[in-house]
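Okay, so here's the structure we're looking at.
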Amino acid sequence: MTDVTVVVGAQFGSEGKGAIAAHLTKSWDDHDLAVRVNGPNAGHTAYDAQGREWKLRAVPVAAVTSNAQLYVAPGSEVDLQVLLDEVTALDLAGFNVSRRLKVHPSATVIEPRHLNAEQADGLVGRIGSTGKGIGAARADRVMRRATTFGEVAQDNPPYATNSYWAKFAAALDPRDFNNVLVEGTQGYGLGLHTSFYPTVTSADCRAIDFLAAVGIHPWQNGTNVRVVVVARVYPIRVAGNSGPLHGETSWEALGLPVERTTVTQKVRRVGEWDESLVEEALAANGHDGGDLVTLALTMLDQKYPEVSDSRELTDEADEFVRELENRLDCYVEFVGTGPATVVER
Ligand code: GTP
Ligand code: MG
């Protein structure tokens, strides 16, 4: 049996999916597979064994936590420069990523014209988009004008020398691995077909969407699929005209250091805990009170500074988690107490 875990966000991204993915893959080896889906508008933060911080936009975080095989799904969008820079940096740091990573030839290539098209459209100002060209690349894909990774890799030595990708011309079979991690990006509330439209991203962000982008069938014999929904204590939205945020407050009011976006360094908007959003995200990911959909509650240290980087929760913090569990009828399997500390319950 292959255990397939899908990590998804419950809010508007930056929930700490990277930290949960890092925790889950810590002891994985080359019989395991870590998959990244979607595009480089998301940066997943993880720490390697030496405590170095990595913010990965193209490669699965298991690259720095394990010897797992690495895969970029066919339904993904690839910025070649971002990918090449990341693989080069990771190789230099000793992670042998170019030997472990496979990119499906059907993945869509993001081209300069996609970044230009989003700029010309004013997408960043209009809906608070990150403007990384992903929406425009997807639009081209839908209109059958996009270039695939397979096409460019053929004529492009840095990618062609990585001979692995070609093996994935056929569909990937998750049952060839002991464990599979599908690292979803962004968050439920950014889903294209949610009530938050149009201040959303250009795809849906549920487990079923990520599984489809990879080509994994939850009903297939031989796989156990489960979902970890990641929610942070104070949800954020990107700066600007990025749409509704329940109980919007400020970092100052919360007594927390300001959080900025990784690439553009703009101050993120922050809101109070929004339980109905998390409830909606759980339902959208198929939660029915069973144990196949669990929660990871991250950044509990922002509410209870005394648990910062701690492997144990205080009574008060634990009580908060247990009450939440009861109200949502959902097992809180993981609690994040710091950027590199996840408590299993
Ligand atoms: P996107 O897919 O880009 O939305 O991001 P993500 O969900 O992977 O979030 P990311 O890994 O970028 O995490 C956001 C920030 O929170 C990073 O700087 C993490 O190091 C940090 N972080 C993650 N978990 C915790 C936690 O439990 N406590 C604290 N204080 N920081 C955390
Ligand atoms: Mg991020």
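From a predicted model like this one, the values you see are computed outputs, not experimental measurements. In what follows, residues are counted from 1 in the order of the sequence shown. Just follow the structure's listing: the first ligand is 1, and inside any ligand the first atom is 1.
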>> Quick check on contacts: which atoms of ligand 1 are under 4.0 angstrom from a heavy atom of Gly13?
In response: 4 (O)
> Counting both backbone and side chain atoms, is some N or O of Gln302 under 3.5 Å from an N or O of ligand 1?
Replying inline: no
> N/O of Thr185 under 3.5 Å from N/O of ligand 1, yes or no?
Replying inline: no
>> Within the 3.5 Å criterion, strictly below it, is a donor on Asp3 or Asn224 matched to an acceptor on the partner's side chain?
In response: yes
> Between the candidates Gly18, Gly338, Ala10, Gly336, which shows the shortest non-hydrogen contact distance to atom 25 (C) of ligand 1?
Replying inline: Gly338
>> Could you identify the single nearest non-hydrogen protein atom to atom 16 (O) of ligand 1 and state the distance to 0.1 Å?
In response: Met299 CE, 3.3 Å
> Between His193 and Asp204, is any side-chain donor less than 3.5 angstrom from a side-chain acceptor?
Replying inline: yes
> Any donor and acceptor pair, going by atom type alone, linking the side chain of Arg268 with main-chain N or O of Ile236 inside 3.5 Å?
Replying inline: no
>> Considering non-hydrogen atoms of the protein only, which is the closest contact for atom 32 (C) of ligand 1, and what is the distance?
In response: Pro339 CA, 3.6 Å
>> So, regarding Ala19 and ligand 1 (criterion: nitrogen or oxygen to nitrogen or oxygen, under 3.5 Å), is there a contact or not?
In response: no
> Should Gln186 be counted as touching ligand 1, given the test is an N or O pair under 3.5 Å?
Replying inline: yes
> Can you tell me the protein heavy atom closest to atom 7 (O) of ligand 1 and the distance?
Replying inline: Lys17 NZ, 2.7 Å
> Any N or O on Gly43 sitting closer than 3.5 Å to an N or O of ligand 1?
Replying inline: yes
>> Show the nearest heavy-atom pair for residues Val270 and Tyr234, with the distance to one decimal.
In response: CG2-CB, 3.8 Å
>> So, 4.0 Å and heavy atoms of Arg232: is ligand 1 close enough to count as a contact?
In response: no
> Hey, which atoms in ligand 1 end up nearer than 4.0 Å to a heavy atom of Gly16?
Replying inline: 6 (P), 7 (O), 9 (O), 13 (O), 23 (C)
> For residues Lys55 and Thr45, is any side-chain donor paired with an opposing acceptor at under 3.5 Å?
Replying inline: yes
> Among Asn41, Thr45, Asp301, Val230, whose heavy atom sits nearest atom 19 (C) of ligand 1?
Replying inline: Thr45
>> Give the atom numbers and elements of ligand 1 that come within less than 4.0 Å of a heavy atom of Ala42.
In response: 1 (P), 2 (O), 3 (O)
> For Thr199 and Pro244, which heavy atoms make the closest approach, and how far apart are they?
Replying inline: OG1-CD, 3.8 Å
>> Would the distance check show the side chain of Arg100 and the main-chain N or O of Ala63 forming a donor-acceptor pair, the cut-off being under 3.5 Å?
In response: yes
>> Is it the case that atom CE in Met1 sees more than 12 heavy atoms from other parts of the structure closer than 6.0 Å?
In response: yes
> Among protein heavy atoms, which sits nearest to atom 18 (O) of ligand 1, and what does the distance come to when rounded to 0.1 Å?
Replying inline: Lys55 NZ, 3.4 Å
>> So, 4.0 Å and heavy atoms of Gly9: is ligand 1 close enough to count as a contact?
In response: no
>> I need the minimum non-hydrogen distance between Lys266 and Ala239, along with the two atoms involved.
In response: CB-CB, 3.8 Å
> Salt-bridged, Arg322 to Glu319, with N to O below 4.0 Å?
Replying inline: yes
>> For atom 8 (O) of ligand 1, tell me which residue out of Arg57, Glu15, His44 has the closest non-hydrogen atom.
In response: His44
> Evaluating non-hydrogen atoms only, which member of Ala46, Cys205, Ser14 is closest to atom 14 (C) of ligand 1?
Replying inline: Ser14
> Taking non-hydrogen atoms only, is Thr337 closer than 4.0 angstrom to ligand 1 via side chain, backbone, both or neither?
Replying inline: backbone
> Mind checking whether the Mg ion (ligand 2) has an N, O or S of Ala42 under 2.8 Å?
Replying inline: no
> Side chain, backbone, both or neither: which part of Glu53 comes within less than 4.0 Å of ligand 1 when only heavy atoms are counted?
Replying inline: neither
> Is it true that a side-chain atom of His287 and a backbone atom of Asp329 form a donor plus acceptor pair closer than 3.5 Å?
Replying inline: yes
>> Testing the 3.5 Å rule here: is there a donor-acceptor pair between the side chains of Thr337 and Ser310?
In response: no
> Hey, are Arg57 and Glu86 close enough for a salt bridge, meaning a charged N less than 4.0 Å from a carboxylate O?
Replying inline: no
